[in-house]
Amino acid sequence: MKEYISIRDIVKSMDLTTRTLRYYEEIGLIKASQEGRGNRFYSKEEINKLIYLNELKNRGFSLKEIEGLLGNKCCNQKNIYLKSRVEENEKTINYLKWQNEKIEEEMDIIEKFGLENIFINIEEMPLRRYFTVKESNKIFNDPDVESVWNLENYDIMDEKTYGGDFEKILSKESDEYTLELYPHKNGDFILPEGKYLVAYSRDGLNKQFEIFKKMEIFLKERELKYENRVYVENKFRIFCKRERKVILITKAFIKIS
């Protein structure tokens, strides 16, 4: 290695910009020497710092963390930062996996609808565990059941399922029914795997009573036996150009016994 390397050679070999190098100098991460008409050169020690800095950046370290490691932080501090970075990366990976699952599910549901407002089918569903919450919402008072989405504690990945007594709801002959909340967390309530009658709807929870009626007709026409608990999930929202409003897509399902 040469005693000193020019800023031009560093830019070419390390895929950095002169602006980036000067910024590193401004915040004290590296130092440059000047010769003649202001040409900037870097010593072996500064080049090694720059290579180390680049490695840290590629591992996701912030400039503040890098500044500490190039300052008075000990070697053990790097290990702490690395462990923290692994944890953050795991969160990002899990989020991206969840995001892809939601995108694929949304695409699948939209394709099922076609030009219809409701799609009813029998599907295999996996086992799921929920944490039950003793909170209920009367649909006729809160059509979108939005009061359970406490925005102070809102987490987009914390999905929710609502459950109710299927026959009790249908016996009322009105939309004055109550659904109980089940957040999607590992907990005390298990929704077993198996075949379920599933109804996807564009009409939101405020018209779910009509969906339940259609599910009942589907079950009776095919003489299917079912468990009495019905569940509803808010899946996603779409903007309807015709109606000029955001529409909530729901998924209602009941286990076939």
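Each residue takes its place number in the sequence, starting with 1. Note that this is a predicted model, so its numbers are computed, not measured.
- Geometric assessment of R222 against the ring of F218 yields a positive cation-pi assignment under the 6.0 Å and 45° thresholds.
- In this structure, K255 NZ and L191 CG are separated by 8.5 Å, a value rounded to the nearest 0.5 Å.
- For K195, the side-chain hydrogen bond (donor to acceptor under 3.5 Å, both in side chains) criterion is met by no residue, not counting sequence neighbours.
- A salt bridge links K49 with E46; the closest basic N to acidic carboxylate O contact falls under 4.0 Å.
- In summary, of the residues considered (N79, V86, I80), a side chain to side chain contact (heavy atoms under 4.5 Å, CB included) with K83 occurs for N79 alone.
- Connection of I217 to L219 is not established within any shared hydrophobic cluster, with ILVMFWY side chains joined at heavy-atom distances below 4.5 Å, either directly or through further cluster members.
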If you apply the rule side chain to side chain contact (heavy atoms under 4.5 Å, CB included), what do you find for F212 with E216, and how did you get there? CA-CA 6 Å; F212 294 156; E216 181 186 36; over 6 Å; no

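- Side-chain contact between E101 and E105 is absent, with no heavy-atom pair separated by less than 4.5 Å.
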Please tabulate, one pair per line, all N/O donor-acceptor pairs under 3.5 Å involving side-chain atoms of residues 106-122, not counting sequence neighbours.
{"residue": "D108", "atom": "OD2", "partner": "K112", "partner atom": "NZ", "Å": "3.1"}
{"residue": "K112", "atom": "NZ", "partner": "E123", "partner atom": "OE2", "Å": "2.8"}

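- The two residues G163 and Y231 have their closest heavy-atom pair at CA-CD2, 3.8 Å.
- Distance CD/E88 to OG1/T92: 6.5 Å, rounded to 0.5 Å.
- Closest non-hydrogen pair, R59 versus L82, comes out as CD-CD2, 4.3 Å.
- Between F166 and Y226, the gap from one ring centroid to the other is short of 6.0 Å.
- Counting only heavy atoms from C-beta outward, the side chains of I169 and Q208 never approach each other to under 4.5 Å.
- In this structure, CD1 in I249 is found 4.0 Å from CD1 in I238, a value given to the nearest 0.5 Å.
- Checked for salt-bridge contact, K213 and E210 miss the test: no charged N lies under 4.0 Å from a carboxylate O.
- Between F61 and Y81, the two ring planes are perpendicular [angle over 60°; tilted spans 30° to 60°].
- L56 approaches K78 most closely through the heavy-atom pair CD2-CE, 3.8 Å.
- No side-chain heavy atom of K168 sits less than 4.5 Å from a side-chain heavy atom of N228.
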Under the criterion side chain to side chain contact (heavy atoms under 4.5 Å, CB included), I'd like the reasoning laid out for N54 against L50: C-alpha separation, chi angles, the key distance, then a yes or no. CA-CA 6 Å; N54 246 13; L50 197 53; 5.8 Å; no

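- Within the 4.5 Å cutoff, no side-chain heavy atoms of L224 are placed close to those of L197.
- Residues Y162 and T250 have side chains not in contact (no heavy-atom distance under 4.5 Å, counting atoms from C-beta outward).
- Side chain to side chain, E25 and Y42 meet the donor-acceptor criterion of an N or O pair below 3.5 Å.
- The structure places CG of N94 at 11.0 Å from CG of N89, a figure rounded to the nearest 0.5 Å.
- Atom CE of M14 is separated from atom CG of D9 by 12.0 Å, given to the nearest 0.5 angstrom.
- A distance of 12.5 Å separates CZ in R202 from CG in L248, rounded to the nearest 0.5 Å.
- Cluster annotation: I47 and Y23 are assigned to the same hydrophobic cluster (Ile/Leu/Val/Met/Phe/Trp/Tyr, side-chain heavy-atom contacts under 4.5 Å, transitive).
- V198 is listed as a side-chain neighbour of K251, based on a closest heavy-atom distance under 4.5 Å.
- Residues N48 and Y52 form no side-chain contact, since every pair of their non-hydrogen atoms from C-beta on lies 4.5 Å or further apart.
- No side-chain heavy atom of I66 sits less than 4.5 Å from a side-chain heavy atom of Y24.
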